[in-house]
Amino acid sequence: MTNSDISSVFDHVADLLEYQGGNVFRVRAYRNAAHTISRMVESLASVRAAPDRKLTDIDGIGADLAGKIETLLDTGRLPLLDDLKAKIPAVVFELMRVPGLGPKKVKVLVDELRIDSLDALEQACRDGRVRDVKRFGAKTEAAILDNIAFAKSPEHDRLLWEEADEIVQTVLAWMRRCAAVRQAEGAGSWRRGRETVGDIDILVDSDDAAAVMDHLQAWKECGDVLLRGDTKTSVRGPRGVQIDLRVVEHDSFGAAWQYFTGSKDHNVRLRSRARDRKLTINEYGVFPLVLGADADAKRVRGKKSASRLSQAAAIAGRTEQDVYQAVGLPWIPPEIREGGDEIALAERDELPTLVSLDDIRGDLHMHTTATDGEATLGEMVRAAIERGLAYIAVTDHGQRVTMAHGLDAKRLRKQWGEIDRLNDSLAEEGRPPIVVLKGIEVDMLEKGGLDLPDDVLEEADWVVASLHYGQNQPRDRITKRIIEAIENSCVSVIGHPTGRLINRRPAYEVDMEAVIEAAAKTGTFLEINANPWRLDLNVPHAAAAKKAGVKLVISTDAHSTRGLDVMRCGILQARRAGLEKEDIANTRSLAQLKKLLK
DNA sequence: GCCGTTTTCGGCCCGACTGTTTTCAGTCG
């Protein structure tokens with residue numbers, strides 16, 4: 001079993017225990033373990049096999065869970081999960097995906113109304129049977145009906161980061177036009193640069209929350225108001241996305257931004273650390289933990305006085321830096337606030353200096369009208385110069401990609417002739433603004449080998465090898481095709497190494513550990529394809545590649561001049577993987593890049 | 001179920017909002 005198999009077993013157990021109403025901390029232990037395992041670079045099997053290490057060395061894995069991991073590795077099954085599954089109907093997971101329905105409410109619906117499908121729930125709502133269940137009512141029934149309809153609509157996929165970014169920028173610009181707004185910032189998974197964004201979180205600094213919330217509702221793109229309280233409101237925005245707006249006062253802005261950015265796991269760990277230091281963190285600030293304060297807080301829960309009372313004694317809150325500093329840490333970049341090892345790294349002052357867009361000097365994967373690009377060679381070069389790049393590689397498709405009118409040797413050499421002339425003319429007046437590399441994106445063929453012969457590829461400055469066909473082949477075949485390309489001395493980099501398309505197509509079956517090992521051994525680069533649909537390598541793979549000493553390249557795979565702008569998406573992906581400038585080959589000057597080539 | 005420069009037992013992050021309640025449970029992030 002792989003780490004991700006074991007992680008999903010633990011997640012599943014957590015779901016089932018939660019449904020049963022089991023100990024919440026036991027549920028959390030399973031969830032923590034699942035989360036930790038899913039982020040691990042090393043396989044659990046190899047940790048177990050290593051003579052000097054134990055499974056219990058892993059944070060959040062104790063004797064019990066270590067035993068369960070061993071059972072899973074040995075047998076592929078977990079008796080606990082089998083038992084739970086036998087007791088709990090499968091429909092509960094479908095029902096729990098309806099917003100507003102958690103384990104407790106689903107349990108009541110299943111037990112009292114014998115609901116056995118989403119359709120049955122919908123019918124029960126229409127029949128007015130749900131409102132008669134204890135602690136349900138007409139409003140809850142109507143909300144369930146609305147949410148079922150919403151969940152069924154095809155548009156309800158999480159947005160790609162880039163799509164979310166467009167909405168975030170628009171809504172921030174609108175909110176900043178409000179006179180009552182001192183500051184407005186985006187938070188949540190958008191700020192953490194996640195591949196996809198579920199809903200959009202906006203934080204505002206203001207003394208007049210009502211005016212700020214009114215302003216959001218006056219936005220022309222604002223749809224239904226889902227909820228509205230004194231300081232918080234949720235509305236539907238463009239494309240049906242939920243926008244959560246939270247308003248706080250000036251002195252709490254940093255604490256609220258930290259809290260609202262998450263992730264949940266990061267915040268749990270940070271707040272746990274605060275407790276160890278006799279402090280407590282909430283979205284209003286950092287406060288001394290007073291004996292008996294918990295009981296007091298519970299008594300006044302739901303009343304606004306709770307936050308006001310504690311606010312008087314805040315020792316931090318205005319900026320995020322203050323909040324982290326109050327618990328003895330440097331500021332942690334949002335992209336790595338995922339509840340992994342970032343707090344431990346921060347404590348040891350070993351946080352990576354994450355790569356940034358300004359570090360990028362070249363773009364090594366793009367297409368032109370010679371194959372399936374929208375812009376000509378000249379237009380792409382001009383666009384690259386405008387973006388301040390020092391070099392690019394033009395990498396149109398090889399001949400196997402017939403759909404894109406892929407290049408055979410003759411047409412490729414013709415393009416390279418154009419590139420030579422272009423470079424010459426750019427060099428005529430002293431220092432050229434950009435150098436254009438003669439490249440190609442060759443295909444790794446179904447039967448093995450590449451779609452252009454080595455004697456042609458040897459003339460190229462830069463060769464991207466990608467796999468577009470035969471994606472359904474078994475794992476060992478695909479792995480072999482890729483490793484064969486890696487071992488070819490002409491191949492510079494493997495393009496979009498796993499082939500996944502977010503929300504559309506899973507990765508093909510490939511042994512990435514073997515691919516990374518081969519890349520490390522031969523000095524072949526691996527690509528982080530910055531296309532927002534791809535972001536391939538993913539974060540765990542990119543982190544594993546770094547750990548193995550593989551150099552990575554962030555490339556746009558642009559098919560138009562505008563396509564060059566997705567570099568920032570690739571940067572976010574690299575940052576989330578903890579990558580630094582030195583890990584990325586195209587942060588080098590061209591001369592240094594050439595030295596790195598095998 | 002995990003964990004320990006106060007602890008091997010007794011804690012475990014924290015608060016807003018809603019709906020259905022006469023005081024709070026459930027859900028969400």
Side-chain angles (χ1 to χ4, degrees), chain A residues 10 13-14 17-18 21-34 36 56 58-68 80 96 98-108 130-144 147 187-189 192 198-201 203 209 225-234 242 244-248 252 255-256 258-287 289 291 293-294 297-308 310-311 327 339:
Chain A
F10 285 169
V13 169
L17 290 173
E18 190 170 34
N23 181 317
V24 292
F25 300 109
R26 187 178 175 215
V27 172
R28 185 185 296 170
Y30 278 98
R31 287 218 194 285
N32 276 343
T36 303
T56 50
I58 302 166
D59 197 28
I61 305 290
D64 183 89
L65 288 179
K68 289 190 166 73
L80 171 65
M96 280 200 283
V98 177
L101 291 186
K104 299 279 172 22
K105 282 188 170 157
V106 167
K107 184 159 170 48
V108 173
V130 170
R131 70 181 68 180
D132 296 333
V133 179
K134 191 187 275 183
R135 293 205 69 86
F136 284 66
K139 278 192 161 181
T140 305
E141 187 179 79
I144 292 172
N147 284 327
S189 51
R192 301 200 309 281
D199 50 39
I200 287 174
D201 300 309
L203 179 68
V225 177
L226 303 173
L227 61 86
R228 173 160 172 161
D230 293 333
T231 64
K232 179 178 162 178
T233 186
S234 295
Q242 181 172 330
D244 297 332
L245 170 70
R246 181 73 184 270
V247 185
V248 297
S252 293
Q258 194 286 319
Y259 149 77
F260 220 18
T261 296
S263 67
K264 191 174 190 293
D265 290 311
H266 175 81
N267 286 353
V268 166
R269 284 163 198 244
L270 194 71
R271 290 171 180 200
S272 173
R273 178 183 175 87
R275 285 193 82 86
D276 292 344
R277 297 172 169 243
K278 297 283 172 272
L279 296 170
T280 181
I281 302 178
N282 58 33
E283 57 262 55
Y284 300 103
V286 182
F287 304 91
L289 191 61
L291 211 64
D294 281 359
K298 285 208 171 61
R299 253 200 305 286
V300 294
R301 193 137 70 118
K303 306 214 166 60
K304 272 154 266 165
S305 56
S307 54
R308 308 277 176 206
S310 43
Q311 200 162 0
V327 291

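Chain A is the first sequence line, chain B the second, and so forth, proteins listed ahead of strands; every chain is numbered from 1.
- Taking 4.0 angstrom as the limit, A:R26 places none of its side-chain polar atoms (N or O) nearer than this to OP1 or OP2 of B:dC2.
- Among the protein residues, A:K107 comes within range of no part of the nucleic acid, since none of its heavy atoms lies under 4.0 Å from any strand.
- A close approach under 4.0 Å does not occur between any side-chain nitrogen or oxygen of A:N267 and OP1 or OP2 of B:dC13.
- Here the C1' atom of nucleotide B:dG4 and the CG atom of A:D276 are 9 Å apart, to the nearest Å.
- Among B:dC12, B:dC2, B:dC14, the nucleotide with an atom closest to any side-chain atom of A:F25 is B:dC12.
- Nucleotides B:dT21 and B:dA16 place their P atoms 24 Å apart, quoted to the nearest Å.
- Contact annotation: A:T280 side-chain N/O to B:dC14 OP1/OP2 distance is under 4.0 Å.
- Contacts of A:N32 with the nucleic acid, taken as non-hydrogen atoms under 4.0 Å apart, are absent.
- Residue A:Y284 places at least one side-chain N or O closer than 4.0 Å to OP1 or OP2 of B:dA16.
- Within the 4.0 angstrom heavy-atom criterion, only backbone atoms of the sugar-phosphate kind lie near A:A138; the bases stay farther away.
- In this structure, the side chain to side chain donor-acceptor pair (under 3.5 Å) partners of A:R228, at least two apart in sequence or on a different chain, are A:D214, A:Q217.
- For B:dT7, the O4'-C1' to base torsion is within 90° of 0; the nucleotide is therefore syn.
- Between B:dG19 and A:K139, a contact under 4.0 Å exists linking OP1 or OP2 to a side-chain N or O.
- Partners of A:D64 by side-chain contact (heavy atoms from CB on, under 4.5 Å), not counting sequence neighbours, listed by chain and number: A:Y30, A:K68.
- Counting only heavy atoms from C-beta outward, the side chains of A:Q242 and A:L226 approach each other to under 4.5 Å.
- Across the C1' atoms, B:dG11 and B:dT6 are found 13 Å apart, a figure rounded to whole Å.
- Here the side chain of A:R246 pairs no donor or acceptor atom with the backbone of A:A256 at under 3.5 angstrom.
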